[in-house]
Amino acid sequence: MLHNIKNKGFTLIELIIAILILAVATIGVYNSFSTVVIFTDGVSSRLTAAYLAQEGIEIVRNMRDNNWLDVYQGWKKGLSDTNTDCSNGCEADYRTGTLIDARGGLTSFGSSGNYLNINNNKGFYSYDEVGDFTKTKFKRKITITPDPDSLRPVLKVSVLVTWKEKEEYGCDYGYCIEAEEYLYNWY
């Protein structure tokens, strides 16, 4: 007696379709993770650059505030006067304009600028190469220009932080973040 046996397994076509669906799903998940890894790799650099740009504005603001404390000098001394021309760019770190700074003020950005260093003990960014420091990939250019359209004395402060990520295929990919602020003479 011959029994009619029903085949309850997968056919070859069903198996190929299942493998194709799994392959497409795996490739999609892999692409999602690789995109997330690429974006998170640059987030740290962008966040650091944003803070360095804000710090550049704070440095200039602190110099202006220190000028107000000395009633014998103008509020723009060292920022936008005959001794300092930052219209083409200057460099400054957190010690600029303080008593412990041997330079005593803003320095010229030069043709390509200097890389900021981070002090490994204190965590401050500066241009110093003394002590335990690590060179970074960041450059900061501070531009200070008088605003001719304003009725009051105003300085426009722009800070541009640039950096380059890892070299890929022989090309450097450059990035930048810019912050801008207007400083006024309140007195």
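Quantities reported herein were computed from a predicted structural model and do not represent experimental measurements. Side chains are part of it too, since the values below use all heavy atoms of this structure and drop only hydrogens, waters and symmetry mates.
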How far does OG1 of Thr26 sit from CD1 of Ile21, to the nearest 0.5 angstrom? 11.5 Å

Using modelled atom types and a 3.5 Å cut-off, is there a donor and acceptor pairing between side-chain atoms of Asp93 and backbone atoms of Tyr127? yes

Between Ser45 and Lys137, does any side-chain donor sit less than 3.5 Å from a side-chain acceptor? yes

Side chain of Asn119, backbone of Phe133: donor and acceptor closer than 3.5 Å? no

In terms of relative ring orientation, are Tyr125 and Phe138 parallel, tilted or perpendicular, with 30° and 60° separating the classes? perpendicular

Interatomic spacing from CZ in Arg61 to CD1 in Ile59 - rounded to 0.5 Å: 11.5 Å

Between Lys141 and Thr143, is the side chain to side chain contact (heavy atoms under 4.5 Å, CB included) condition met? List the steps. CA-CA 6 Å; Lys141 181 179 183 179; Thr143 306; 4.3 Å; yes

Shortest non-hydrogen contact between Leu160 and Cys176, atoms and distance: CD1-CB, 3.8 Å

Non-hydrogen side-chain atoms of Ile144 and Leu106 separated by less than 4.5 Å: yes

Between Ile142 and Val60, is there a side-chain heavy-atom distance shorter than 4.5 Å? yes

Distance check, rounded to the nearest 0.5 Å: Glu181 atom CD versus Ile57 atom CD1? 5.5 Å

When rounded to the nearest 0.5 angstrom, what distance separates CH2 in Trp68 from CG in Asn185? 6.5 Å

Salt-bridged, Arg140 to Glu91, with N to O below 4.0 Å? no

Kindly indicate whether the side chain of Glu55, heavy atoms from C-beta on, has any atom under 4.5 Å from the side chain of Tyr94. yes

Rounded to the nearest 0.5 Å, what separation is found between the CD1 atom of Ile177 and the OG1 atom of Thr48? 9.0 Å

Are Val159 and Leu183 grouped together when hydrophobic residues (ILVMFWY) are joined by side-chain heavy atoms under 4.5 angstrom apart? yes

Rounded to the nearest 0.5 Å, how far apart are NZ of Lys164 and NZ of Lys139? 7.5 Å

Any Tyr184 side-chain heavy atom under 4.5 Å of Leu155 side chain: no

Pairwise side-chain contact, Leu116 with Leu52, heavy-atom cut-off 4.5 Å (strictly under): yes

For the residue pair Tyr51 and Arg46, establish whether any side-chain heavy-atom pair is separated by less than 4.5 Å. no

Just so I know, are the side chains of Ile118 and Phe124 near enough to count as touching, which here means a heavy-atom distance under 4.5 Å? no

With the 4.5 Å side-chain cut-off for hydrophobic clustering, are Met63 and Tyr182 part of the same group? yes

Would you say CG of Leu20 has more than 12 non-hydrogen atoms from neighbouring residues, nucleotides or ligands within 6.0 angstrom? yes

Counting C-beta onward and ignoring hydrogens, is there a side-chain heavy-atom pair between Ser158 and Glu178 closer than 4.5 Å? yes

